[in-house]
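What you see is a predicted model; the values in this text were computed from it and never measured.
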Amino acid sequence: MRAPVLVVIAHGSRDPRHAQAVHSLVERVRSLRPGLRVETGFLDFNVPSVNGVLESLAAEGVRNVVALPLLLTRAFHAKADIPAVLREAPARLRIRQADVLGPSPLLLSALERRLYEAGLTPADRSSTGVVLASAGSSDPEAIAVIADIAREWWHTGWCAVRPAFASASLPRTEDAVAELRALGCERVAVAPYVLAPGLLPDRIARGAAGADVLAEVLGAAPEVARVLLERYDQARRPVLTALGA
């Protein structure tokens, strides 16, 4: 039986770098699993829209879809916006919404990849404080997840790890940088826990002015692509069971 189509649902942005990063990540997913059909839809600002992608698939005769939110935490978009959009999909489509990407050990590996690409080495861990800088959310569950990730990451050997948020929550990146300086960390690095460039990542970068190292966004890191496929496979299994496969 044909595998369900993977529809990656991205937020969208007026910043053209956002869509470019999303498409690069999707291309890496395709390269990791040749033969899997992967489509991309945007909630806002960019085309194609999620509705447009789903309608096109239904018109082609596609029956089974896994809709995967390109999100790192389970906040408002995953809980409300995306389910609402999927409820408007053509009735002939059987859609399962995959879980968000985070948390995942692979994402921690991707964060470290970006830090090492920015100039750190494994030998720097014990003397480096890291700011885990996320976009921010008003959802307490999402904020708690970021704090948990920071604690988990600290236990892998960094001098200290502090969460920070570009919007909706505190502390800001610059405040977390100052805190790590006050703790006596020899150097301070900022690791953006975001998938693509845009307004909030730019705010994180400005807040990192006092840090020694600023990593790039996660983007099309191979670890991120692997998490996408993990979430797809997890969501796909119940579909196959329901179909008697």
**Q.** Side-chain cluster (under 4.5 Å, hydrophobic types only) that V47 belongs to, other residues
**A.** none
Please tabulate, for the side chains in residues 213-222, all donor-acceptor contacts under 3.5 angstrom to protein atoms that are two or more places apart in sequence or on a different chain.
none

Distance-only donor-acceptor pairs under 3.5 Å for side chains of residues 155-166, two or more places apart:
unit_1, atom_1, unit_2, atom_2, d
T156, OG1, R125, NH2, 2.7
T156, OG1, W153, O, 2.6
R162, NE, E179, OE2, 2.8

(Q) For R17 versus D15, what's the shortest heavy-atom pair and its separation? (A) NH2-OD2, 2.6 Å
Q. Measuring from T173:OG1 to R203:CZ, what's the distance to the nearest 0.5 Å?
A. 10.0 Å
Q. Transitively linked via ILVMFWY side-chain contacts under 4.5 Å: L6 with L195?
A. yes
Q | Heavy-atom closest contact (A67 atom, I95 atom, distance) | A | CB-CG2, 4.0 Å
**Q.** Qualifying ring-ring contact (aromatic ring centres under 6.0 Å, His included) pairs, either residue in residues 83-136, two or more places apart
**A.** none
Q | R172 side chain to S169 backbone, donor-acceptor under 3.5 Å | A | yes
(Q) Using modelled atom types and a 3.5 Å cut-off, is there a donor and acceptor pairing between side-chain atoms of T40 and backbone atoms of V8? (A) no
Q) Any donor-acceptor pair under 3.5 Å linking the side chain of R231 with the backbone of L101? A) yes
**Q.** Whether T128 side chain and R187 backbone form a donor-acceptor pair below 3.5 Å
**A.** no
(Q) Could you see if L115 belongs to whatever hydrophobic cluster contains V194? Use Ile, Leu, Val, Met, Phe, Trp, Tyr and a side-chain cutoff under 4.5 Å. (A) no
Q.
Would you say L200 ends up clustered with V22 if hydrophobic residues are merged whenever their side chains have heavy atoms under 4.5 Å apart, either directly or through other cluster members?
A. no
Q: Report yes if some heavy atom in the side chain of V29 is under 4.5 Å from a heavy atom in the side chain of R33; otherwise report no.
A: no
Q) So how far is it from L36 CG to R2 CZ, rounded to the nearest 0.5 Å? A) 12.0 Å
(Q) Within the structure provided, determine whether P140 and I143 are in side-chain contact (heavy-atom separation under 4.5 Å). (A) no
Q. What pairs of residues pass the ring-ring contact (aromatic ring centres under 6.0 Å, His included) test when at least one of them lies in residues 4-56, not counting sequence neighbours?
A. H11-H77, H23-F42
Q: Using a 4.5 Å cut-off on heavy atoms from C-beta on, say whether the side chain of L70 contacts that of I9.
A: no
**Q.** For R151, all residues meeting side-chain hydrogen bond (donor to acceptor under 3.5 Å, both in side chains), sequence neighbours excluded
**A.** D148
Q. Between L25 and A225, which heavy-atom pair has the shortest distance, and what is it?
A. CD1-N, 3.8 Å
**Q.** Side chain proximity check, V66 to V5, heavy atoms < 4.5 angstrom
**A.** no
Q.
Please determine whether a side-chain nitrogen of the Lys or Arg among R226 and E223 lies less than 4.0 Å from a carboxylate oxygen of the Asp or Glu.
A. no
Q | Inter- and intrachain pairs under ring-ring contact (aromatic ring centres under 6.0 Å, His included), touching residues 175-224, at least two apart | A | none
Q: Could you tell me whether the side chain of D124 and the main chain of T121 form a donor-acceptor pair under 3.5 Å?
A: yes
Q | Cluster overlap W154 with V177, hydrophobic side-chain contacts below 4.5 Å | A | no
Q | Heavy-atom side-chain proximity of S104 to V227 below 4.5 angstrom | A | yes
What side-chain donor-acceptor pairs closer than 3.5 Å can you find for residues 53-63, not counting sequence neighbours?
unit_1, atom_1, unit_2, atom_2, d
S56, OG, G52, O, 3.0
E60, OE1, R37, NH1, 2.7
E60, OE1, R37, NH2, 3.2
E60, OE2, R37, NH2, 3.0
R63, NE, R92, O, 3.3

(Q) Less than 4.5 Å apart, side chain to side chain, heavy atoms only: is that true for E141 and R74? (A) yes
**Q.** E186: partners by side chain to side chain contact (heavy atoms under 4.5 Å, CB included), with sequence neighbours left out
**A.** S127
Q. In terms of side-chain geometry, is the basic nitrogen of D139 or K79 positioned less than 4.0 Å from the acidic oxygen of its partner?
A. yes
Q) According to the side-chain hydrogen bond (donor to acceptor under 3.5 Å, both in side chains) rule, which pairs have a member within residues 44-54, sequence neighbours left out? A) N51-E88
Q. So, do R87 and P83 sit near enough that their side-chain heavy atoms are less than 4.5 Å apart?
A. yes
Q: Check whether any side-chain heavy atom of V188 lies under 4.5 Å from a side-chain heavy atom of R181, and answer yes or no.
A: yes
(Q) For residues 195-217, which residue pairs pass the ring-ring contact (aromatic ring centres under 6.0 Å, His included) check, not counting sequence neighbours? (A) none
Q: Check each of L68, L32, V38 against L228 using the side chain to side chain contact (heavy atoms under 4.5 Å, CB included) test, and report the only one that passes.
A: L68
Q: Output all residues satisfying side chain to side chain contact (heavy atoms under 4.5 Å, CB included) with V145, sequence neighbours left out; order by chain, then residue number.
A: T73, P103, I149
Q. Honestly curious: do I204 and L107 fall in one hydrophobic cluster under the side-chain, below-4.5 Å linking rule?
A. no
Q) A191 and L111: which non-hydrogen atoms are nearest, and at how many Å? A) CB-CD2, 4.1 Å
Q.
Nearest 0.5 Å, please: how far is CG in L86 from CG in L93?
A. 10.0 Å
